[in-house]
Amino acid sequence: MRCEKQLTYDEVFTFDNLLTCAKACFKGVRWKPSTQIYETQMIKNVSETYKILKDRKYKSKGFHTFYIHERGKVRYIQSVHISERVVQKCLCDYCLTPTFAPTFIYDNGACMKKKGTHFAVRRLKTHLSKYYREHGHTGYVLLFDLHNYFNSINHEVLLEKVKPKIKDEELFNIYKYFIDCFKGDGLGLGSQISQISASIYLNGLDHYIKEKLHIKYYGRYMDDGYLICNSKYELKHCLECIKEIVKDLKIELNEHKTQIKKLQDGFRFLKRNFYLKPDGKIVMKPYKKNIQRYKTKYRKLLKKGASQQTLDVLQQTFVGYLKEFHYKDYYTGRIRKCLDQENCQT
């Protein structure tokens with residue numbers, strides 16, 4: 001049996017790796033002044049970071065903290081400086097991801113290249129289609145959600161999961177250093193290391209559901225998951241097992257959002273409504289509150305006197321959102337016409 005090659009600190013934090021990560025970190029955030037300043041002297045800045053890392057003297061610059069209101073929730077964001085984002089990306093892309101990605105189940109849709117919410121939605125549709133061919137349109141789905149997930153991740157439990165995989169002591173120490181920067185329990189939103197760590201934390205739960213409970217049609221995106229089965233009794237047993245596992249992980253299920261529903265009645269996953277019809281057709285509809293949110297935002301921008309360019313961008317985003325649900329052009333055309341009429345009346 002071939003042994004895996006263990007990465008070392010000096011193999012991960014090379015000048016070339018840091019430079020590649022720096023260029024990747026600029027994508028989508030070049031409008032930020034801090035990014036523009038860093039990019040103007042990119043070679044110099046990367047060289048300084050490389051020297052500090054080589055001397056084992058790296059220190060965090062701390063967080064830029066702020067609150068955002070998203071879908072009625074107040075989220076506390078802990079954003080890191082661009083120079084630290086480069087180091088974290090290098091650690092994630094050249095150490096954590098190559099080490100842990102092969103251990104993730106395929107239906108874990110978060111934080112991996114070529115995956116995301118659209119991947120998770122496609123996998124759910126695939127699971128529904130396969131389930132229909134085996135059992136028809138009647139059955140049950142267990143939906144679970146974790147309460148305040150990122151802020152509940154226990155550092156000691158997380159480090160116990162990471163330690164056996166990262167053999168190099170210096171690599172593990174710098175990973176531990178980044179985790180310890182989040183004081184107390186929990187991981188902050190706004191850094192790549194938090195995203196990959198959140199996926200690692202629930203990896204054992206994924207394997208337990210797939211391999212021990214033998215649930216074929218299971219998928220998860222970060223703290224939202226689903227299990228599809230033709231037996232309600234079996235799903236109730238699965239729910240009790242999941243409760244025990246998350247208790248050991250020192251996190252809690254969101255009792256309000258965790259529920260067992262009939263497939264034929266429809267269910268909601270990742271802010272989308274899914275229906276399995278008697279003929280096997282899978283219908284995905286937008287969440288009504290999301291549509292109302294777009295319209296409300298459009299009206300507020302109109303009242304504030306936003307530029308036509310800003311309104312056009314929001315309108316195109318709205319139409320693109322609706323087309324994800326395979327709404328025909330005449331429907332999105334009606335939405336566009338409706339927003340234009342509001343524009344004229346204001």
Ring-face cation contact, Phe119 with Lys114, 6.0 Å cut, 45° max | no
Check for me whether Lys115 meets the cation-pi criterion with Tyr106, that is, NZ or CZ under 6.0 Å from the six-membered ring centre and within 45 degrees of the ring axis. yes
**Prompt:** Are any of the side-chain nitrogens in Glu252 or Lys247 under 4.0 Å away from the carboxylate oxygens of its partner?
**Reply:** no
(Q) For Lys176, is there an ion pair with Asp180 - N to carboxylate O distance below 4.0 angstrom? (A) yes
Within the distance-only criterion (no hydrogens, no angle test), does the side chain of [X] pair as donor or acceptor with the backbone N or O of [Y] below 3.5 angstrom?
X	Y	answer
Arg123	Val121	no
Tyr50	Leu19	no
Thr40	Ile37	yes
Glu234	Cys229	no
Glu170	Thr8	no
Asn108	Phe104	no
Lys210	Lys216	yes
Ser47	Ile43	yes
Tyr132	Lys277	no
Asp279	Lys281	yes

In Ser191, Ser60, Ser194, the residue satisfying side chain to side chain contact (heavy atoms under 4.5 Å, CB included) with Gln88 is Ser191
Are Thr14 and Asn17 close enough that a side-chain donor and a side-chain acceptor fall under 3.5 Å? yes
Residues passing the side chain to side chain donor-acceptor pair (under 3.5 Å) test with Ser231, sequence neighbours excluded, are none
The complete set of ring-ring contact (aromatic ring centres under 6.0 Å, His included) pairs with one or both residues in residues 186-229, sequence neighbours excluded, reads His127-Tyr217, His127-Tyr226, Tyr226-Phe269
| Does a sphere of radius 6.0 Å around CD in Glu169 hold more than 12 heavy atoms from other residues, nucleotides or ligands, not counting ones at 6.0 Å or beyond? | no
- Item | Distance flag, aromatic centroids of Tyr177 and Phe172, threshold under 6.0 Å | no
Between Leu53 and Tyr9 the two heavy atoms that sit nearest each other are O-OH, 2.8 Å
